[in-house]
Amino acid sequence: MAAEGKSIVIIGGGIIGCTTAYYLTRHPAFDAATHSLTLIEASKHGVAQGASGKAGGLVAMWAYPREVVNLSFREHEKLAQEHNGKDRWGWRYVNVGSWSGTGKLDTTIGSGVGAGGRYKSLEKTLGLQDPVAASKARAGSLPQDLDWVEPDLTQSYVPMAADKETAQVHPQLFTTSMCTLAAERGMRMISGKATSILRADGTVTGVVYTENDTGASRQIPATHVILAAGAWSPRLLDDVYLPIAATRAHSVTIQPDTTISPYVLFAEIRTPRGHWVSPEIHARPNNEVYACGPGDDFPLPDTVDDVVVDYDACEYVWKHVVSISRVLRNGTIDRRQACYLPTVSSGGGPIVGEASSIAKGLLIATGHTCWGISNAPGTARAMAVLIMGADGGTSRDLRDCLQMVNKLAPQRFLLETRKMWG
């Protein structure tokens, strides 16, 4: 390797890590003969095994924070156009609305929170401006093509965004595609669990990891380390308090017995017993329906391969979703699953940028909550610019990258945490 070459290591094979690898390999200054890029993923089953494979896949202009959204939505559109995202990862614009009404089935299946956990909101509509007031002002009947929800159970339907302000991808297909495209340009992948980030004289020097196949401890040198391990990120910084908390979310996927129209619903369902439940329902382009319920604070396991799926929590989601749709009721459950979303416990976030107060060359990209799928390309492009310099894009793109890393820099959150904890 040439003396000026960079040795970049990404910890985490979720959507943030894989998309960052893609943008690094597409940067005009990146040459695999001069620079090295390695991605380390802890799962024995490959990338996209956590939230990046089990999320809903919503991409929205009305997401948050604005510093990431402004760039990230445009990047999603560009990626879909360049790499045939429509066929490769299910990219399409989608209708999104708030639905309220009465469920048909009388169920007594608990709260939807997994055993051993307490309720935590997924805060999916946090980016919207006063959605409750908007619902009261704009409530209307079902759109004509939303024919897979029973109209006689509907109280109101409210569009939540204008045309082409909301899209979707299949998160697992998107993440694995980013990984494949990065590998085609020189990224190397290691199947192993990172155990520590090496530092000397205030600078990162490498990463220690345990090989999944052999259990042997290995070390890889690095001039730059990108910590993108989602909810597991704090475990790589034992001597620093990184304010990332984990929220477990259960979901199911359903295969309907007929083709359904492209809608994502944020539902408010009143059960026959008078309780209100709030599942999300995503119709996907492969005629799969994804649905999720509330989150919980069940403890984070050692690796993504050890995530516990609570059967009753999944049944809660399924039974309430099918209670408003005969089409879904006649379908079959394909998967019951759970994943962990990383949230910034001190508020705000995500955390995006170089953590120079910890070590020069250490970059952090985590805390994206439920918007990791939507905000991954903008985050990834900012990471690439921080390491490799300006990428030849428009001045608007560069401005948005700089605004993002200035507003969401790790130091801002670390300083805030110190104030909170004295």
Practice task
Tell me yes or no: between the side chains of Q337 and S251, is some donor less than 3.5 Å from an acceptor?
Solution key: yes

Exercise for the section: Start with the C-alpha distance between S156 and W99, add both sets of side-chain angles, then the distance that settles side chain to side chain donor-acceptor pair (under 3.5 Å), and finish with yes or no. Expected result: CA-CA 6 Å; S156 69; W99 183 95; over 6 Å; no

Exercise for the section: Return the set of residues passing side-chain contact (heavy atoms from CB on, under 4.5 Å) with T214 (not counting sequence neighbours), or none when no residue passes. Expected result: E211, A216

Exercise for the section: Taking all non-hydrogen atoms of both residues into account, name the closest pair between L153 and I324 and its distance. Expected result: CD1-CA, 3.8 Å

Practice task
Report the C-alpha distance between Y263 and D145 in whole Å, list the side-chain angles of each, state the deciding distance to 0.1 Å, and finish with yes or no for side chain to side chain donor-acceptor pair (under 3.5 Å).
Solution key: CA-CA 9 Å; Y263 279 84; D145 63 335; 2.5 Å; yes

Problem - Closest non-hydrogen atom pair between F73 and A60, with its separation - result: CD1-C, 3.7 Å

Practice task
May I ask you to decide if V252's main-chain N or O and W318's side chain share a donor-acceptor pair within less than 3.5 Å?
Solution key: no

Exercise for the section: Consider only side-chain N and O atoms of W148 and S261, and report whether a donor and an acceptor are under 3.5 Å apart. Expected result: yes

Practice task
Tell me whether the centres of the aromatic rings in Y316 and H320 are closer together than 6.0 Å.
Solution key: yes

Handout entry: R218 NZ/CZ over Y209 ring centroid, <6.0 Å and within 45° of normal
Key = no

Practice task
Check for a donor-acceptor pair, side chain of Q49 on one end and backbone N or O of V47 on the other, with a separation under 3.5 Å.
Solution key: yes

Handout entry: Non-hydrogen atoms of V289 and P256 that approach each other most closely
Key = CG2-CG, 3.8 Å

Handout entry: Residues which pass salt bridge (charged side-chain N to carboxylate O under 4.0 Å, His left out) with K407, listed by chain and number, not counting sequence neighbours
Key = E67

Handout entry: Y22/H83 aromatic ring centres below 6.0 Å
Key = yes

Completion exercise
Interatomic distance, CZ@F30 vs CD1@I8, rounded to 0.5 Å, equals 6.0 Å

Problem - Within 6.0 angstrom of R326 CZ, more than 12 heavy atoms from elsewhere - result: no

Practice task
Supply the atom-to-atom distance L71 CG to L402 CG, rounded to the nearest 0.5 angstrom.
Solution key: 10.5 Å

Completion exercise
Separation between CG (L362) and CG (L198), nearest 0.5 Å, reads 12.0 Å

Practice task
May I ask you to decide whether D239 forms a salt bridge with R199, counting only side-chain N to carboxylate O separations under 4.0 Å?
Solution key: yes

Problem - Mutual orientation of the aromatic rings belonging to F174 and H76 [parallel < 30°, tilted 30-60°, perpendicular > 60°] - result: tilted

Exercise for the section: May I ask you to decide whether D296 forms a salt bridge with R248, counting only side-chain N to carboxylate O separations under 4.0 Å? Expected result: yes

Problem - Shortest non-hydrogen contact between R185 and A32, atoms and distance - result: O-CB, 4.0 Å

Exercise for the section: Go through the steps to decide whether T343 and T369 satisfy the test side chain to side chain donor-acceptor pair (under 3.5 Å), and finish with yes or no. Expected result: CA-CA 5 Å; T343 62; T369 65; over 6 Å; no

Exercise for the section: Report the residues that fulfil salt bridge (charged side-chain N to carboxylate O under 4.0 Å, His left out) with K193, sequence neighbours left out, ordered by chain and then residue number. Expected result: D302

Handout entry: Listed partners of R335 passing salt bridge (charged side-chain N to carboxylate O under 4.0 Å, His left out), at least two apart
Key = E288

Exercise for the section: Might you confirm whether atom CD of Q144 has over 12 heavy atoms from other residues, nucleotides or ligands at distances under 6.0 Å? Expected result: no

Exercise for the section: Heavy atoms only: give me the nearest V96-A161 pair and the separation to one decimal. Expected result: CG1-CB, 4.0 Å

Fill in the blank from the handout: Value for OG1 (T332) from CD1 (I254), rounded to nearest 0.5 Å, stands at 9.0 Å

Problem - Side-chain donor/acceptor of H250 to backbone N/O of A313, under 3.5 Å - result: no

Practice task
Taking atom types as modelled, find out whether H368 and T379 have a side-chain donor-acceptor pair closer than 3.5 angstrom.
Solution key: yes

Exercise for the section: Would you check if there is a donor-acceptor pair between the side chains of R284 and Q168 at a distance under 3.5 Å? Expected result: no

Completion exercise
Nearest heavy-atom approach of S325 to E150 is C-OE2, 3.5 Å

Handout entry: Other residues, nucleotides, ligands: >12 heavy atoms within 6.0 Å of D306 CG
Key = yes

Practice task
Scan side-chain atoms only and decide if T223 and S7 contain a donor-acceptor pair under the 3.5 Å cut-off.
Solution key: no

Practice task
Output every pair passing salt bridge (Lys or Arg N to Asp or Glu O under 4.0 Å) with a member in residues 74-85, not counting sequence neighbours, ordered by first then second residue.
Solution key: R74-D397, R74-D400, E75-K78, E75-R381, K78-D397

Exercise for the section: Would you please indicate yes or no on a ring centroid separation below 6.0 angstrom for Y93 and W91? Expected result: yes

Practice task
For E354, check salt bridge (charged side-chain N to carboxylate O under 4.0 Å, His left out) against everything at least two apart and list the hits.
Solution key: none

